Amino acid sequence: MSMDMDADPPFPDAAAPDALIDHDRSIEYWSSVSADTTGMLGGYPQTSRIDLQSSSNFLTKLRRARSTLPPKQPLPPLDRVADCGAGVGRITKEFLLKVSRRVDVVEPVKKFTDELVQSLGSGEWAGDGDGGAGNTTGQVGEVINLGLQDWVPEVGAYNVIWNQWCLGHLTDVQLVAYLRRCKEGLKKAEEGAQSWIMVKENLSTDFKGMDIYDEEDSSVTRSDEKFRQLFKEAGLKIVATELQKGFPKELFPVRIYALKPE
Ligand SMILES: C[S@@+](CC[C@H](N)C(=O)[O-])C[C@H]1O[C@@H](n2cnc3c(N)ncnc32)[C@H](O)[C@@H]1O
């Protein structure tokens, strides 16, 4: 996943750029990257803070809009969430652990999750409990070293399944199948739970609206139209969406989508 638009020109014969995705090649690329925020964010670590702040605000707004609590009363912590394609746990540590009692981590590259587990255990990182959910600092639950094409979420388990800057590693067919499994993995609305699938990804800027293949890490950058089509195919509806503001101009636009079963 290149962050900057100039780094990778669109693949020339891009009829189905996702057909070029090669998982072994992706893993080889990510295994060569440093296990830190700079590695995760393609050399733009300074975007992390604003990204996480916007994500936190987005989730809080979503939860508040569906809560009967008075505006000043803190939201209770969520029960269980998953950070998918989590890398070194940038999102887990700085956001999800502050809003949920338990965060399961799904990430195919073990050196990244080793770094996460080590940093949590060493006390290098201490949650500051300012996540707006009753100052909770949760625990990392399961650490699952799998690609999302192979991960089957436990049925009815999750309040939030967070997918950021990793879905470009799945082909369109894999992504639809994965999103269907995520749909089953959400806590059931009829039991009164707040639950959403979150997708936060770069958007293609190709002038013909094509998805863009990135040879470096063997991923695709999809258009907004393509995402919407795939969500529909998976039986999901968009309940809220926002464009990321405040990123450097040379980066791809980034959009977050909150999804629920149709
Ligand atoms: C750009 S990093 C993003 C990490 C994290 N989501 C964040 O925003 O800090 C992309 C991550 O996707 C992971 N990845 C690669 N192939 C994947 C796959 N098939 N399924 C899930 N994650 C994958 C990489 O190992 C890497 O950790």
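No experiment lies behind these values; they were computed from the predicted model shown. Ligands are counted one by one from 1 in listed order, and the atoms in each one are counted from 1 as well.
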Taking atom types as modelled, find out whether [X] and [Y] have a side-chain donor-acceptor pair closer than 3.5 angstrom.
X: Ser223; Y: Asp206; answer: no
X: Lys111; Y: Ser31; answer: no
X: Trp196; Y: Gln194; answer: no

Practice problem: For Gln73, look at atom CD and say whether over 12 heavy atoms of other residues, nucleotides or ligands are found less than 6.0 Å away. | Solution: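 Check passes, neighbour count above 12.
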Please list every donor-acceptor pair under 3.5 Å in which a side-chain atom of residues 38-47 meets a protein atom from a residue at least two apart or in another chain.
from: Tyr44; atom 1: OH; to: Glu250; atom 2: OE2; distance (Å): 3.2
from: Thr47; atom 1: OG1; to: Tyr44; atom 2: O; distance (Å): 2.7

Quiz item: Is there at least one pair of N or O atoms, one from Ser26 and one from ligand 1, spaced under 3.5 Å apart?
Solution: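 No - when backbone and side-chain N and O of Ser26 are compared with those of ligand 1, no distance drops under 3.5 Å.
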Element-labelled atoms of ligand 1 that are located less than 4.0 Å from some non-hydrogen atom of [X]:
X: Glu107; value: 13 (C), 24 (C), 25 (O), 26 (C), 27 (O)
X: Gly147; value: 18 (C), 19 (N), 20 (N)
X: Val109; value: 25 (O)

I need the contact type for [X] against ligand 1. Using non-hydrogen atoms and a strict under-4.0 Å cut-off, is it side chain, backbone, both or neither?
X: Ala86; answer: backbone
X: Ile91; answer: side chain
X: Trp30; answer: side chain

Quiz item: Heavy-atom distance under 4.5 Å between the side chains of Phe227 and Glu201, does that happen here?
Solution: yes
